[in-house]
Enquirer: 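Dropping a structure here in structure tokens format, bear with me for questions.
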Amino acid sequence: IVSVTPVADHDAAQVRAFLSERHIATDAVRYGVRAYRVTYRTVDPYGKPTTATGLLTLPKGGAHRLDLVSDTHGTMVKRTYAPSASEDFGRVPSYLNASAGKAVAAPDYLGLGEGPGPHPYMDTASSVTASVDMLRAARTAAGRLGRPLDGDVYATGFSQGGQVAMALGKALEQGADPHFRLRALAPISGPYDLEGQEMPALFDGRVNDISGVLYTSYWLTAQNRLHHFYDDPAEAFRAPYASRVASLLDGTHEEDDVVKGLAPSVKRLLTPAFYDRLRYPSGRLLAALRSADDTCDWKPDVPVRLYAGAADTDVPIQNAGSCAERLAEHGRAVPVVNQGEVDHFGSFAVSAPEVVRWFGELSSRPAL
């Protein structure tokens with residue numbers, strides 16, 4: 001740990017008001033919450049030392065020793081929108097779970113919040129190391145704050161964070177830190193299958209144009225730093241977007257500003273040649289996609305539920321179906337909780353309180 005800074009202190013009524021304003025069910029709220037920005041040491045995508053930030057949220061009441069929920073957030077292009085930096089949508093899962101009586105560790109990931117450098121968007125490996133190290137930092141910080149953690153971890157996450165939650169669960173079960181015991185896994189609307197579902201959905205109409213442009217530009221810009229698809233943005237992006245895409249995605253702009261500064265569709269964003277490369281990926285593009293696509297290739301030994309919405313045009317529900325199929329191939333059948341005709345953020349609004357209730361039910365039972 002580098003530092004622990006208080007950032008919020010709310011009673012139960014204030015938590016309910018915060019959630020209600022964002023159309024989130026409040027029936028699980030029992031306690032107020034205290035939240036802290038934790039700055040901690042971790043490693044970058046190349047294994048070199050760096051720092052990251054995250055949000056630790058504790059209940060004002062309940063048990064002395066606490067279970068820990070890991071919450072991994074969805075796509076964010078503006079660094080100050082991260083959980084530890086902004087009291088907005090990114091704090092909903094932390095306040096929900098903490099007000100129900102659990103500690104919550106919510107990493108900002110690398111390059112968001114107050115972490116240095118750019119965010120390596122959809123780089124699964126560094127998202128996992130940042131998340132595991134946030135769990136370790138939370139364990140130390142919670143102990144110093146007089147609320148020790150018991151080692152049980154309940155993992156959830158939304159969108160990008162749903163994919164990270166699956167990868168984190170896999171890492172914990174494979175012994176990433178023997179102090180932590182994974183107890184349950186409940187990701188929401190994660191892009192678990194970039195090659196087989198999410199990327200094809202950009203081209204067959206299942207992903208809406210606005211989200212497609214945002215995700216594609218963010219993914220290409222971030223992944224190019226790791227996998228080197230092009231030397232010059234003009235090789236991938238049409239003019240005038242090639243000259244502005246990197247600056248729009250520098251961590252200081254709102255999502256709306258990014259979208260308004262780019263093309264209205266992926267086809268008009270990319271050069272014809274690169275559009276075809278993305279549609280039929282090979283080489284480094286295919287390797288980058290596949291580097292994120294093994295998060296469901298394991299056999300969990302804990303309860304798992306995959307939450308998704310049938311009307312999601314950001315991360316189509318077929319991603320959850322692919323994940324369930326892969327888990328089944330490894331000998332573990334898990335349910336896909338289809339929330340019906342709700343969109344991407346609607347799937348979160350419905351699912352997040354259900355996840356809290358499910359974690360509560362599981363924590364009252366003996367471990368498997």
Side-chain angles (χ1 to χ4, degrees), residues 44-46 74-79 81 109-112 117-127 159-160 163-164 190-294 313-316 319 344:
D44 70 10
Y46 308 99
T75 300
M76 294 176 180
V77 298
K78 189 173 184 180
R79 62 168 52 248
Y81 196 51
Y109 308 144
L110 299 179
L112 295 174
H119 172 49
Y121 180 55
M122 291 298 293
D123 178 49
T124 306
S126 64
S127 296
S159 194
Q160 176 191 0
Q163 190 256 13
V164 176
Y192 316 107
D193 189 0
L194 297 185
E195 180 188 359
Q197 295 296 340
E198 189 65 21
M199 194 60 72
L202 284 173
F203 302 98
D204 65 20
R206 284 179 290 151
V207 172
N208 70 79
D209 285 340
I210 291 174
S211 297
V213 167
L214 179 70
Y215 295 151
T216 301
S217 58
Y218 202 9
W219 187 82
L220 287 174
T221 302
Q223 292 290 316
N224 187 62
R225 291 190 290 267
L226 301 172
H227 295 275
H228 197 73
F229 310 137
Y230 51 81
D231 292 318
D232 187 322
E235 297 170 37
F237 300 94
R238 295 176 188 250
Y241 314 117
S243 63
R244 65 177 72 145
V245 64
S247 60
L248 285 170
L249 291 164
D250 65 358
T252 68
H253 294 82
E254 302 278 354
E255 285 186 11
D256 287 349
D257 296 331
V258 175
V259 170
K260 289 174 183 176
L262 297 176
S265 68
V266 173
K267 190 165 189 175
R268 292 173 66 179
L269 174 72
L270 302 177
T271 65
F274 205 88
Y275 182 83
D276 286 341
R277 281 184 64 189
L278 200 60
R279 190 168 188 175
Y280 306 106
S282 62
R284 291 176 178 176
L285 273 171
L286 185 59
L289 293 172
R290 289 180 172 173
S291 71
D293 276 355
D294 66 348
T313 62
D314 288 64
V315 181
N319 278 275
H344 193 50

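These numbers come from a predicted model, not from an experiment.
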Enquirer: With rounding to the nearest 0.5 angstrom, report the OH to CE distance, Tyr81 to Met76.
Expert: 6.0 Å
Enquirer: Could you tell me the separation between the CE atom of Met122 and the CG atom of Leu220, rounded to the nearest 0.5 Å?
Expert: 12.5 Å
Enquirer: Describe, in one word, how the ring planes of Phe229 and Phe274 are oriented to each other, choosing from parallel (under 30°), tilted (30 to 60°) and perpendicular (over 60°).
Expert: tilted
Enquirer: Would you say Ser126 and Asp123 are linked by a side-chain donor-acceptor pair, where the criterion is simply a distance under 3.5 Å?
Expert: yes
Enquirer: Drop me the distance from Arg284's CZ to Asn224's CG, to the nearest 0.5 angstrom.
Expert: 9.5 Å
Enquirer: Do side-chain atoms of Ser217 reach the backbone of Leu214 as a donor and acceptor pair under 3.5 angstrom?
Expert: yes
Enquirer: Mind listing the closest non-hydrogen atom pair of Leu194 and Pro200 along with its distance?
Expert: O-CD, 3.7 Å
Enquirer: Please determine whether a side-chain nitrogen of the Lys or Arg among Glu255 and Lys78 lies less than 4.0 Å from a carboxylate oxygen of the Asp or Glu.
Expert: no
Enquirer: Might you confirm whether atom CG of Leu226 has over 12 heavy atoms from other residues, nucleotides or ligands at distances under 6.0 Å?
Expert: yes
Enquirer: With a 6.0 Å cut-off (strictly less than), is the heavy-atom count around CZ of Arg268, excluding the residue itself, greater than 12?
Expert: no
Enquirer: Donor-acceptor pair, Arg79 side chain versus Gly111 backbone, under 3.5 Å?
Expert: yes
Enquirer: Any chance the side chains of Thr313 and His344 put a donor and an acceptor closer than 3.5 Å?
Expert: no
Enquirer: If every non-hydrogen atom of Val245 is compared with every non-hydrogen atom of Pro233, which pair is closest and at what distance?
Expert: CG1-CB, 4.4 Å
Enquirer: If you round to the nearest 0.5 Å, how far is OG of Ser243 from CZ of Arg238?
Expert: 14.5 Å
Enquirer: Looking at CG of Leu285 and CZ of Arg290, how far apart are the two atoms once the value is rounded to the nearest 0.5 Å?
Expert: 12.0 Å
Enquirer: Decide whether Ser211 and Asp314 meet the rule of one side-chain donor and one side-chain acceptor closer than 3.5 Å.
Expert: yes
Enquirer: Between Gln160 and Tyr121, what is the shortest heavy-atom contact and its length?
Expert: OE1-CE1, 3.3 Å
Enquirer: Any side-chain heavy atom of Arg277 within less than 4.5 Å of one from Ser282?
Expert: no
Enquirer: Is there a donor in the side chain of Asn319 and an acceptor in the side chain of Glu198, or the other way round, less than 3.5 Å apart?
Expert: yes
Enquirer: Could you tell me if Gln197 and Arg206 have a donor-acceptor pair between their side chains, going purely by distance under 3.5 Å?
Expert: yes
Enquirer: Step by step, would you call Tyr192 with Val315 a side-chain contact (heavy atoms from CB on, under 4.5 Å)?
Expert: CA-CA 9 Å; Tyr192 316 107; Val315 181; over 6 Å; no
Enquirer: Looking only at heavy atoms, what is the nearest atom pair of Pro45 and Leu110, with distance?
Expert: CD-CD1, 3.7 Å
Enquirer: Check the pair Leu278, Phe203 against side-chain contact (heavy atoms from CB on, under 4.5 Å), reporting the backbone distance first and the verdict last.
Expert: CA-CA 10 Å; Leu278 200 60; Phe203 302 98; 4.0 Å; yes
Enquirer: Is Thr221 reaching over with its side chain to a backbone N or O of Tyr218, donor-acceptor style, under 3.5 angstrom?
Expert: no
Enquirer: Could you please spell out the steps behind the side-chain contact (heavy atoms from CB on, under 4.5 Å) verdict for Leu248 and Val77?
Expert: CA-CA 9 Å; Leu248 285 170; Val77 298; over 6 Å; no
Enquirer: State whether the side chain of Tyr275 and the backbone N or O of Leu269 hold a donor-acceptor pair below 3.5 Å, judged by distance alone.
Expert: no
Enquirer: Using 0.5 Å steps for rounding, measure from the CG atom of Asp294 to the OG1 atom of Thr124.
Expert: 7.0 Å
Enquirer: Where do His227 and Ser291 come nearest, in terms of heavy atoms and distance?
Expert: NE2-OG, 4.1 Å
Enquirer: Under 3.5 Å, is there a donor-acceptor pair linking the side chains of Tyr215 and Thr75?
Expert: no
Enquirer: Any side-chain donor-acceptor pair under 3.5 Å between His228 and Asp231?
Expert: yes
Enquirer: Quick one: closest heavy-atom pair of Leu289 and Met199, and the distance?
Expert: CD2-CE, 3.5 Å
Enquirer: Is it the case that Glu235 and Thr271 place a side-chain donor and acceptor less than 3.5 Å from each other?
Expert: no
